[in-house]
Amino acid sequence: MATIHIDGKTYEAKAGENLLEAILSQHLDLPYFCWHPSMGSIGACRQCAIITYSDENDTRGRIGMACMTSVTDGMRVSVEAPLAKDFRSTVIEWLMENHPHDCPVCEEGGECHLQDMTVMTGHSMRRYTGTKRTWENQNLGPFIGHEMNRCITCYRCVRFYDEYAGGTDLAAFGSRGRMYFGRFEDGTLESEFAGNLVEVCPTGVFTDKPFAQSYTRKWDLQSAPSICVGCAVGCNVFPAERYGDLKRITNRYHGELNGYFLCDRGRFGSHFVNHEKRIKHAGVRTRSGDYEFGDVSNAIKVAGATLRDGAIGIGSPRASFENNFALRELVGAENFCTGIIEAELEVIKTALDVISRQGIVVPSLKQVEDADAILILGEDIANTAARTALSVRQAVRTKSFEMATDAHIPTWQDAGVRGHAKSEKSALFIATPATTRLDDIATQVTSGSVSELVAFGSSICTKIRSSTASSDDFAGRVASTLRTAKAPLIITGSSLQSIELVQVAANICFALQEHDQPSSFLFVPAEVNSVGVSLLEGGLSLSTALQRMEEGKAAVVLENDLYFRAPAESVDSALGPGNFVVLDTLENRTAEHASVVFPAATYAEQTGTFVNYETRAQRFYQVFNPQDEIAPAWLWLSQLAETLGTGATWESYASVLDQCAEHTYSQLREIAPSSDYRIGTTSRIPRQSHRYSGRTAMNAQVNIHEPKAKVDTDTPFSYSMEGQNPGDQNGATIPYVWSPGWNSNQSVFKFQQEVAGKLAGGDPGLRLIESNGAQLQYFDVETPELSRRDGSFEVIPLHLVFGSDEMSNQSWPIRARVPAPFVLLSQQDATNLGVKSGMGLKVEGITESLEVQVDSRLPSGVIGLPQGLAEIPQREIDRVHLSVDQEFVVRTNVNPEVIAKG
Amino acid sequence: MSLQDTKPLIGRVQEVGGLVTLSDYEAGGGYTAAQKGLKQMTPSEIIDLVREANLRGRGGAGFPTGVKWGFAKGEPQTPGYKYLVCNGDEMEPGTFKDRYLIEFNPHSLIEGMILGAYAIGAEKAYVFLRGEYHEPNRQLARAIAEAREKNYLGRSIFGSDFNLDLRIHLSGGRYICGEETALLNALEGKRGQPRYKPPFPPASGAWGRPTIVNNVETLCNVPAIIQNGAQWYQDLGLTEDAGTKIYGISGRVNKPGLWELPMGTPIRELVDDHAGGMRDGYKLRGILPGGASTDYLVEEHFDLPMDYKTIQDAGSRMGTGTMILMDDSICPVDMARNLQHFFAQESCGFCTPCREGLPWVEELLADIENGNGKDGDLELLDQNALYIGAPGNTFCLHATGAIEPLQSALKYFRDDFEHHIKHKSCPYRKS
Amino acid sequence: MSTVELISPLTDAERNEIEAEVAHLPDRESAAIDALMIVQKHRGWISDESLRAIAKFLDMSAATLDGIATFYNLIHRQPVGRNVVMVCDSVSCYVMGADSFAQKLQDHLGIKFGETTRDDCFTLLPIVCLGACDRAPTMLINEDLFGPVTEDELTEIFSRYS
Ligand SMILES: Cc1cc2nc3c(=O)[nH]c(=O)nc-3n(C[C@H](O)[C@H](O)[C@H](O)COP(=O)(O)O)c2cc1C
Ligand code: SF4
Ligand code: FES
């Protein structure tokens, strides 16, 4: 620690950190642009100028950049000195010379860091009279808008996109006063983290393109703290609404998880909430096959009749913990199904067992970034849990920070650290079937069929255990690296649905433990609540449930398109017409056959809990009131219980939560404050900003009376602008970030204990499983049967960040990025079959011919089939035969909806 | 007595009357210093000798070369781990000394680099050469090939266990690449943007390794120092500073050119004796003493000796020691515009004051020159000069250098600026 | 998705020259500027197609390489004539009348700075100080340095280039 004097006042700061961070950590105001809490300092913008004094006798001092100055004990600085202020306002004056002043038509207006800093420095009079430079913009694809004239050349975009996120198709061009940031040519930004440019850019150069389609100013958005439903990481997000539409998603800072960044599936994957296929009314299927809407009580009656003789409850890994719980209450634990197929459920349960063993550490993403040796076994995390891959990208920099420290380069001096370490990286070993988007930073990669990967993992484990571990081969090299690392980490997941893979990954952790090594185990489940639903005791697999249905049992299907998860044949034969009820948000194939459908709320329209890969339970809050008859599933289930006279009934979210916590995990009550939590003694937390406009007029076309704000009995929030969002409240209850003078997302530092640290009121969520003290015990991994090569091909499921997730696939911006159906083929097999990338193959059991994509890493005898594409139906993993389709014409994935929306 | 005794840098060029070929160079005692250094001296002894000789960097900043080498001292961790880089970028307007040295005496640079590389323990060295320097490139490339042939470069030089690989990197052309850290980025094949210091290149330079960057003229001084000793070198200078300096003069003098003269030769002597005085009808008004990025000196300074300290005390810098003369036919406002055009063009675009401030300054100057100056423009110029120019306000010293001639022009020729604004025209324009 | 990329493949000579540079550098990307200069020497300028080919050859992205190419003054990202005339516009030449010389030169060639003569023979560009200030005003045609040049010599000088 160090004591520093800022404008005559004394503060405590961390010695060696940069002064800008120290100043912001005190919640003082100091303008900046190029510095970013996650990316460090480069000293480009010169905005963060302060005066430093050599000692107490020095009255003049000199201008220095706070972001490039190390905190030293006893140092004296001034933020407020006239010289510093004048210099800072001159910097704005320079930046504004060429700025178009187009705030009224700019998507950033009202939450623009450049606007904020301009006002903060006091620069208001234009003195530059020259001609402004202008640029042509690029079409950067469906996610990101581009308006180069607004650029202030802070270099944040390229630093994030290239250096932080590993992208290669965005660059800084030109020099002097003519710097351009964009692509080599028009085209979609390739990185799955491109969306962060919207938040990283301090002005309106890179903007949220889908949001711009039906735009609303930040101050007119209503939002609440929520959890991304894109995958099992559980990134914290702010969904924002206006006029009943979910307008956009922005990052909600979480110190342990997502930090400042989201992936594009999360940011652009929520437009399903506004989908025209939303189920908005309870409907009863008539003889003609159509649904009849309008009579809720009849729907409940018919549903009651369907379920009268007992039913299976098919839950869902995408439904909240509470909704799954409510379903279990309705049908009874013995009839409750997780909605996850057998193979995957077994994998998840095995992983949960491993997590509960003594000494096993499940790293948060922040902890992932500190790992110095990582083995990824089987899971293509850039596709299945993209945010995790971004953290792994930072972890390989661990070595560069060590090198920098040895060379006395402060770790925040970003260009210095990168320049000094060059391509030196911490160890990252990747063993996956095919190429991954982390291969570029891997120390070494290997490919294999599932059984080969299991064998590889076993070999690593054996080598760690044997005292004569040598690094003569790849497995040996991995073994010795993990054994000597300070913070080794093993990552695996459920996407290959191989229980053996998870077992060997666990065995490696156990082996490390035997050598007194720390052992971190990161297991990537598939969906937002895969872990939560699996933690509900007694949950059956979907496979079992379908079998029971086939035997004649009725069912309630909760937020689950069974065709998305189980092979069509088995779903077809299980779903007899009229023997099941569906509660869901969008029309889908499963709902088509139901006797009754109930309109369920999406995550944005209800309050609940999801449990992420760490077993961290996190609360998400209702953002806005759903339209029509849409209601949370638990409310429908409660009504069904009432009709049936079985199970429990609830009136409020609080009562479901209460009972749920009592019957499952009591921590669920503590993960976020209860509905009577208040700021001070009386203030609720407002979902709407203090500048929310049009509240008396926004419904004028329907009703000229100001609608009464809905009273929220479920949460501590208000559906109005009344209340307080002070910043230091419980970290789970921040509905948006905004602070005086700081209208942009940069205001988040006012909500943190220190820059990039914990939220002032704590990072949200609690882990449901901490070690239960059970000792490690090696899994007896069945010696995998090596694949036969009989002319057939082993099928490996491929997960795509855009295309393999049920709900984000229904979000129109994401649809524009879902590839045309393809089959991944090894180089050798492609040669044998006489095909090349772009040609067509017929895959046994799939009607449409698929486009060949040759992968340089895929082993021969194995093909990859993307999951989640409509043209490639869900199937059991099996072996198939291939034949060449000579007539094949490449399909470009033209999505009419996207074209219509421009 | 040979010319080389008083002119170690280009005495031999004068003796042979042009290009010093390998045999010319050897005949004049060439490569004996390298042999002596490698066979009879330890690296530390060389560094100590250079430090004692008080050789100061000729690239502009005048940093003591021996001290700089000392920062990279020590055994190389792995053979060839460090780098020696010769800065032959020479894009400072008004500067033409390094071109001359490379073009006419390339072996002296090579010999200096052998000694420098040996002293710091580098087994790989680069000459970072201006892309427009085609003839120097040809001569240097040929000289390197000859030296390799003779095993002055390559493995086990002079039978010692020292190896040196010397390469030329041709620049893609940017003034900023002369700044040593930008140079390193350019050498690595990247955009030539400067790097933040620390880390300084001797700690982390090219490809993250310890690197010493020296100017061409600096390195050319080394063989004679090794050969003749520190005292001899110190004695060459007329004032406190040691050695000789290549002075140059451009502008309306009778004989523009370059001369190797003792450090501390007075300005008046340079202009009148060596450059043959001003051309008829022209009067000397101001001097940029060390290239475009130095403050003007005026009448009151013309009798000063040209050495680091004196010129600094006079409010300017020795810089490269190549002077640009402004005569009384030149409009100081227009000359300032020309200078700022250069600096704005050559800004790398990284930091705000330089990238956005210099073009504004250029526009203001153009407006004033073209009769469109307004009240307040001088204050705007003053403010820009103050905030762009103070070292530390910008990321590197490019902008600081840019402002030096401007702020001194505003000081010494303020009447001219005011006249332009008041009369809305330039009094120097003929028509 | 497969997009057809326009690449004009590097010639053997270009490849060999680039590989010779790569051979003494720590990695391929470090040869970016050398490679651009080599290809430009053969082709006169760096087209988008050439740029893609170089990027591919050096295992780097076209965006990164273009970021480098557009930073440097001597790399032409637009077509130039058979001969490139560069006229110094820096201070020593300025003092010696470079501005009026430049004007006469433009008149002589009938083009402005940044333009190419209609017969593709000359492209005229400004350049910073050529390091021959004692010979001001100076100009560089391809690899040949001229200075001091007077208006009268222009016809003769330009006649040497075709
Ligand atoms: C904008 C700028 C341009 C420079 N250009 C050159 C140059 O062309 N040649 C040179 O030797 N030094 C140049 N320098 C100085 C170098 O940064 C560095 O100080 C010098 O090469 C060190 O060599 P020395 O110690 O031998 O003088 C420049 C500095 C700046 C700030
Ligand atoms: S002062 Fe700034 S913009 Fe100018 S050259 Fe240096 S770093 Fe680049
Ligand atoms: S934030 Fe400090 S220089 Fe940009």
Side-chain angles (χ1 to χ4, degrees), chain B residues 90-100 124 130-138 165 167 169-175 177 186-193 207 248-252 255-258 288 291-292 322 324-327 329-330 334-335 338-339 341-342 345-346 348-349 405, chain C residues 20-38 40-41 58 60 64-76 86 88-100 126-138 140 142-145 147-148:
Chain B
E90 195 167 62
M91 276 177 88
E92 173 86 13
T95 305
F96 47 108
K97 65 189 181 70
D98 295 341
R99 167 198 280 279
Y100 186 90
K124 189 134 200 165
R130 253 196 101 164
E132 297 92 335
Y133 276 12
H134 301 288
E135 188 56 22
N137 180 28
R138 280 187 282 270
D165 182 22
R167 306 257 164 198
H169 173 101
L170 268 197
S171 172
R174 281 306 284 203
Y175 171 63
C177 294
L187 188 64
E188 290 180 16
K190 303 197 177 108
R191 291 167 58 83
Q193 263 154 358
W207 293 282
I249 290 185
S250 59
R252 288 196 199 278
K255 290 187 294 171
L258 291 172
L288 297 173
T322 44
I324 303 137
L325 306 194
M326 181 180 86
D327 58 72
S329 73
I330 304 292
D334 198 41
M335 180 155 160
N338 173 279
L339 288 164
H341 172 73
F342 167 81
Q345 286 285 302
E346 293 302 317
C348 79
Chain C
E21 295 298 327
V22 170
H24 66 85
L25 290 167
D27 50 48
R28 297 186 76 77
E29 282 197 28
S30 293
I33 299 164
D34 305 304
L36 288 164
M37 305 265 275
I38 287 166
Q40 176 163 297
K41 193 180 74 196
L58 294 179
M60 62 195 296
T64 309
L65 184 65
D66 201 19
I68 295 165
T70 53
F71 185 84
Y72 291 99
N73 294 338
L74 296 180
I75 291 167
H76 308 311
M86 294 178 162
C88 174
D89 65 1
S90 293
V91 66
S92 297
C93 287
Y94 161 85
V95 166
M96 299 307 285
D99 283 2
S100 67
I127 186 99
V128 299
C129 177
L130 286 168
C133 316
D134 51 343
R135 289 179 265 167
T138 57
L140 189 68
N142 305 332
E143 300 197 349
D144 310 327
L145 181 68

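In this text the structure is predicted, and so the values were computed from the model without any measurement.
- With chain C as the partner, the residue from P405(B), G172(B), G192(B) showing the most heavy-atom pairs under 4.5 Å is G172(B).
- To the nearest 0.5 angstrom, N338(B) atom CG is 9.5 Å from C93(C) atom SG.
- Across M91(B) and C129(C), no two heavy atoms sit closer than the pair O-CB, 4.3 Å.
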Test side chain to side chain donor-acceptor pair (under 3.5 Å) on D334(B) and Y94(C); report intermediate values, then the result.
CA-CA 10 Å; D334(B) 198 41; Y94(C) 161 85; 2.7 Å; yes
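- Looking only at heavy-atom pairs under 4.5 Å with chain B, the residue among G131(C), A69(C), A132(C) that has the most is G131(C).
- Interface remark: of the candidates A98(C), S90(C), A136(C), S90(C) forms the most heavy-atom pairs closer than 4.5 Å to chain B.
- At least one side-chain heavy atom of L25(C) sits less than 4.5 Å from a side-chain heavy atom of W207(B).
- Atom CG of L140(C) is separated from atom CD of E132(B) by 7.0 Å, given to the nearest 0.5 angstrom.
- Looking at every heavy atom in both residues, G67(C) comes nearest to R191(B) through O-NH1, 2.8 Å.
- Note that CG of D134(C) is 9.5 Å distant from OH of Y100(B), once rounded to the nearest 0.5 Å.
- In this structure, chain B has heavy atoms under 4.5 Å from both the backbone and the side chain of L130(C).
- M96(C) touches chain B through backbone and side chain together, each having a heavy atom under 4.5 Å away.
- Pairing each heavy atom of C133(C) with each of S250(B), the nearest pair is O-CB, 3.5 Å.
- Proximity to chain C is limited to the side chain of L339(B), based on heavy atoms less than 4.5 angstrom apart.
- Only the side chain of R167(B) comes within contact range of chain C, judged by heavy atoms closer than 4.5 Å.
- With a 4.5 angstrom heavy-atom cutoff, Y133(B) touches chain C only via side-chain atoms.
- Residues satisfying the side-chain hydrogen bond (donor to acceptor under 3.5 Å, both in side chains) test with R28(C), not counting sequence neighbours, are E19(C).
- Taking 4.5 Å as the limit, some side-chain heavy atom of R138(B) sits within range of a side-chain heavy atom of E143(C).
- Interface remark: D327(B) contributes side-chain atoms only to the contact with chain C (heavy atom separation under 4.5 Å).
- A heavy-atom distance below 4.5 Å is not found between the side chains of E29(C) and K190(B).
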Evaluation steps, side chain to side chain contact (heavy atoms under 4.5 Å, CB included), between F96(B) and S92(C)
CA-CA 11 Å; F96(B) 47 108; S92(C) 297; 5.9 Å; no
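- Across all their heavy atoms, A186(B) and Y72(C) have their closest contact at CB-OH, 3.3 Å.
- Inter-residue side-chain proximity for F342(B) and V91(C) is flagged as unmet; no heavy-atom pair is nearer than 4.5 Å.
- Looking at D99(C), the atoms closer than 4.5 Å to chain B (heavy atoms on both sides) all sit in the side chain, from C-beta outward.
- Put simply, NE2 on H24(C) and NE2 on H169(B) are 10.0 Å apart, with the number rounded to the nearest 0.5 Å.
- Under the 3.5 Å distance criterion, the side-chain polar atoms of Y175(B) are left unmatched by any main-chain donor or acceptor of V128(C).
- Of the two parts of R99(B), only the side chain, counted from C-beta on, holds a non-hydrogen atom closer than 4.5 Å to a non-hydrogen atom of chain C.
- Looking at L58(C), neither its backbone nor its side chain comes within 4.5 Å of chain B, counting heavy atoms on both sides.
- From C177(B), atom SG reaches atom CG of N73(C) across 9.0 Å, with rounding to the nearest 0.5 Å.
- Considering only heavy-atom pairs separated by less than 4.5 Å from chain C, the leading option among M335(B), E90(B), H341(B) is M335(B).
- Note that CZ of R130(B) and CG of L74(C) are 7.5 Å apart. Values are rounded to the nearest 0.5 Å.
- Heavy atoms closer than 4.5 Å to chain C are found nowhere in Q345(B), neither backbone nor side chain.
- The side-chain heavy atoms of M326(B) and V95(C), taken from C-beta on, include no pair separated by under 4.5 Å.
- Neither the backbone nor the side chain of L65(C) comes within less than 4.5 Å of any heavy atom in chain B.
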